[in-house]
Chemist: 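I have a structure here, written as structure tokens, and I will follow up with some questions on it.
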Amino acid sequence: MQAIPGAWRRTATGAGLLGPDGSPAPTIFAEMTALAARTGAINLGQGFPDEDGPSQILEVARQAIADGVNQYPPGRGIGDLRAAIAEHQQRFYGIDLDPEREVLVTAGATEALAATLLALLDGPDDEVVVFEPFYDSYAACVALAGARLVPVPLAWPDFQPDLDDLRRAVTDRTRIILVNDPHNPTGAVFSDEVRTEIVRLAERHDAIIVTDEVYEHLVFDGVRHRPLAAEPGAAQRTVSISSGGKTFSATGWKIGWVSGPAALVDAVLAVKQFLTYVNGAPFQPAIAAGLRLPDEFFAEIAATLQRKRDLLGDGLRAAGLEVAVSRGSYFTVADAASLGATDAQEFCRALPERAGVVAIPLTAFVTPANRARYATLVRFAACKRVEVLTEASVRLSSLSR
Ligand code: PMP
Ligand code: GLN
């Protein structure tokens, strides 16, 4: 059969997923979760919790289904969820939002990112500055939009960008600076200098800042998340994106949101309404209830995940890997070079057989030209039960023998 034409090809290429035979490969997350299922290995690859979130939230969703909340919600999301998102931004960050005009509910952060990038980019002259390694959907959506990705490297072990690299990357061609903080896959939380420079460069070059803050409540060591939109001068040019998946351990519910100036939110809505239109009617009131949980809930999820980060880090070090201490997110990056690895992808494909554990090579999050820089780095997810992380550590210890 002839090659099938269409934008899928540049999307798959952008994500590094067009195979040598011209067919699209599944994402690294799908591949590694399937590998875990096939081999019975412990899945520290794809980032999803193996326990449910708060039962009162689950109950709100059950009750909503029983109460007939099963038809299309409004295009911008149910009013109560938009109000809860605005309250949450005010309570945690002092950000004022009009829930009618400045908040939009989406099908997870994934759709929020896709709709935002498709809405705000317009062809090959538009550039998007991203920090590399980056979450896989960024390169895919920038390619789908026909725009150009400009990566700024994050280097082991603290994964902060070099400010001169950042200054060189942002120009008058930059439409968007896309910032994921806390950062997947590295666990970095960006320093004050980096944050200030992002805002300064965006102002100087009239770029829009798009943030991905899905790990906003999973920051460690007593640090509190600060959205870039709260920086002086940033609000009017920032589209902030988050989701309930990580905060409420409900990654399958796919309730996300966009907030920012009304004109930018309207532009995103113009695209979003033709992607999914709407989603998740009974989950929307449940996430609204979650966002209104007391401060103790949010403190507790960060403290619990921090203990898991420490447990995982100890296990990785005991297994002979070097570990970059994660400051936030589900993830910890380790260097397998100390175990003799030269190619993280090969290391990860062999890991289920060698140690009964699945992890993700960092090369899955970088542009092909830059793979060498991350060749031996591996991402492990800490969002699993303590017994599972303990068992994974026991298994990984076989690597150093
Ligand atoms: N951004 C980042 C950095 C992520 O790690 C994820 C996935 N978990 C997403 C976006 C997608 O979020 P969602 O599941 O809400 O679509
Ligand atoms: N965000 C999850 C991760 O980084 C994966 C989500 C997905 O499979 N697309 O592991």
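Both counts, for ligands and for their atoms, begin at 1 and track the order of listing.
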Chemist: Is the closest N or O pair between Tyr135 and ligand 1 shorter than 3.5 Å?
Modeler: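 In this structure, Tyr135 places no N or O atom under 3.5 Å from an N or O of ligand 1.
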Chemist: Enumerate the atoms of ligand 1 whose separation from the nearest heavy atom of Gly108 is less than 4.0 angstrom.
Modeler: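 Counting from 1, the qualifying ligand atoms are 15 (O), 16 (O).
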Chemist: Pick out which of Thr110, Val268, Val210 makes a side-chain contact (heavy atoms from CB on, under 4.5 Å) with Ile241.
Modeler: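 For Ile241, the side-chain contact (heavy atoms from CB on, under 4.5 Å) check succeeds only for Val210.
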Chemist: Do Asp136 and ligand 2 have an N or O pair less than 3.5 Å apart?
Modeler: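 No, no N or O pair falls under 3.5 Å.
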Chemist: Under 30°, 30 to 60°, or over 60°: which ring-plane class applies to Tyr330 and Tyr215, parallel, tilted or perpendicular?
Modeler: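 The arrangement is perpendicular - the two ring planes meet at more than 60°.
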Chemist: Under the criterion side-chain contact (heavy atoms from CB on, under 4.5 Å), which of Ile57, Asp67, Ile78 is the partner of Pro285?
Modeler: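 Only one of Ile57, Asp67, Ile78 forms a side-chain contact (heavy atoms from CB on, under 4.5 Å) with Pro285, namely Ile78.
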Chemist: I'd like to know whether ligand 2 has Met32 as a neighbour, heavy-atom separation below 4.0 Å.
Modeler: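 The answer is no: ligand 2 sits nowhere under 4.0 Å from a heavy atom of Met32.
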Chemist: side-chain contact (heavy atoms from CB on, under 4.5 Å) with Ile42: which of Val388, Val358, Asp50, Leu396?
Modeler: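 The residue from Val388, Val358, Asp50, Leu396 that satisfies side-chain contact (heavy atoms from CB on, under 4.5 Å) with Ile42 turns out to be Val388.
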Chemist: Which option out of Phe331, Phe365, Tyr135 puts a heavy atom nearest to atom 1 (N) of ligand 2?
Modeler: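 Comparing heavy atoms across Phe331, Phe365, Tyr135, the nearest one to atom 1 (N) of ligand 2 lies in Tyr135.
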Chemist: Atom CG in Asp158, atom CZ in Phe190: separation rounded to 0.5 Å?
Modeler: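 Spacing of CG (Asp158) from CZ (Phe190) equals 10.0 Å.
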Chemist: Does a salt bridge link Asp343 with Arg349, judged by any charged N lying under 4.0 Å from a carboxylate O?
Modeler: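 Arg349 and Asp343: not salt-bridged.
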Chemist: What protein heavy atom is closest to atom 11 (C) of ligand 1, reported as residue, atom name and distance in Å?
Modeler: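 Looking only at protein heavy atoms, the one closest to atom 11 (C) of ligand 1 is Thr110 OG1, 3.2 Å.
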Chemist: Would the number of heavy atoms belonging to other residues, nucleotides or ligands and lying under 6.0 Å from CZ of Arg224 be above 12?
Modeler: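 Atom CZ in Arg224 is not crowded, with 12 or fewer foreign heavy atoms closer than 6.0 Å.
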Chemist: Counting both backbone and side chain atoms, is some N or O of Thr27 under 3.5 Å from an N or O of ligand 2?
Modeler: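 N/O-N/O distance below 3.5 Å does not exist for this pair.
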Chemist: Give a yes/no on ligand 1: does Tyr215 have at least one heavy atom closer than 4.0 angstrom to it?
Modeler: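 A heavy atom of Tyr215 does come that close to ligand 1.
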Chemist: Run the numbers for me: atoms of ligand 1, each under 4.0 Å from some heavy atom of Ser243, listed by number.
Modeler: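 Selected atoms, number and element: 15 (O).
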Chemist: Check Asn184 against ligand 2 and report side chain, backbone, both or neither, counting heavy atoms closer than 4.0 Å.
Modeler: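 Under 4.0 Å from ligand 2, Asn184 contributes side-chain atoms alone.
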Chemist: Is a donor from one side chain sitting under 3.5 angstrom from an acceptor on the other, for Glu216 and Thr247?
Modeler: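 No, Thr247 and Glu216 have no side-chain donor paired with an acceptor closer than 3.5 Å.
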Chemist: Could you check, using the six-membered ring where one of them is a Trp, whether Tyr138 and Phe365 have ring centers closer than 6.0 angstrom?
Modeler: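 That pair fails the under 6.0 Å test.
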Chemist: Using distance alone, decide if ligand 1 has a nitrogen or oxygen within less than 3.5 Å of any nitrogen or oxygen in Phe331.
Modeler: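 No, Phe331 has no N/O under 3.5 Å of an N/O on ligand 1.
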Chemist: Output the list of atoms in ligand 1 that are nearer than 4.0 Å to some heavy atom of Lys254, sorted by atom number.
Modeler: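 Listed by number with element, the hits are 13 (P), 14 (O), 16 (O).
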Chemist: Decide yes or no on side chain to side chain donor-acceptor pair (under 3.5 Å) for Lys308 and Thr304, but give the supporting numbers first.
Modeler: CA-CA 6 Å; Lys308 293 180 175 186; Thr304 301; over 6 Å; no
Chemist: Hey, is Glu111 one of the residues with a heavy atom under 4.0 angstrom from ligand 1?
Modeler: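 No; Glu111 lies far enough from ligand 1 that no heavy-atom distance drops under 4.0 Å.
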Chemist: Answer yes when Asp266 and Arg76 have at least one side-chain N-carboxylate O distance shorter than 4.0 Å, and no when they do not.
Modeler: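 Yes, charged N to carboxylate O under 4.0 Å.
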Chemist: Please verify the inter-ring angle class for His217 with Tyr93; under 30° counts as parallel, over 60° as perpendicular, anything in between as tilted.
Modeler: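 His217 vs Tyr93 ring planes: parallel.
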Chemist: Considering only heavy atoms of Lys246, which atoms of ligand 1 have at least one such atom less than 4.0 Å away?
Modeler: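 Those qualifying, in numeric order: 5 (O), 6 (C), 7 (C), 8 (N).
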Chemist: Within the structure, does Phe29 bring an N/O atom to less than 3.5 angstrom of an N/O atom in ligand 2?
Modeler: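 Min N/O separation from ligand 2 is not below 3.5 Å for Phe29.
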Chemist: Using a 4.0 Å cutoff against the non-hydrogen atoms of Lys246, which atoms of ligand 2 qualify?
Modeler: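 What qualifies from ligand 2 is 1 (N).
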Chemist: Salt-bridged, Arg385 to Glu51, with N to O below 4.0 Å?
Modeler: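 Salt bridge flag = no for Glu51 with Arg385.
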Chemist: Counting each atom of ligand 2 from 1 as listed, which ones have a heavy atom of Gln46 under 4.0 Å away?
Modeler: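 Contacts of ligand 2 toward Gln46, numbered from 1: 5 (C), 7 (C), 8 (O), 10 (O).
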Chemist: Looking at atom 2 (C) of ligand 1, what's its closest protein heavy atom, distance included?
Modeler: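 The answer is Asp212 OD2, 3.3 Å.
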Chemist: Please identify which atoms of ligand 1 are closer than 4.0 Å to at least one heavy atom of Asn180.
Modeler: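 Those atoms are 3 (C).
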Chemist: Determine whether the side chain, the backbone, both or neither of Tyr330 has a heavy atom under 4.0 Å from any heavy atom of ligand 2.
Modeler: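 Neither part.
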Chemist: Tell me which protein heavy atom sits closest to atom 12 (O) of ligand 1, plus the residue, atom name and distance to 0.1 Å.
Modeler: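 Ranking protein heavy atoms by distance from atom 12 (O) of ligand 1, first comes Ala109 CB, 3.5 Å.
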Chemist: Side chain, backbone, both or neither: which part of Arg379 has a heavy atom under 4.0 Å from ligand 2?
Modeler: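 Side chain only.
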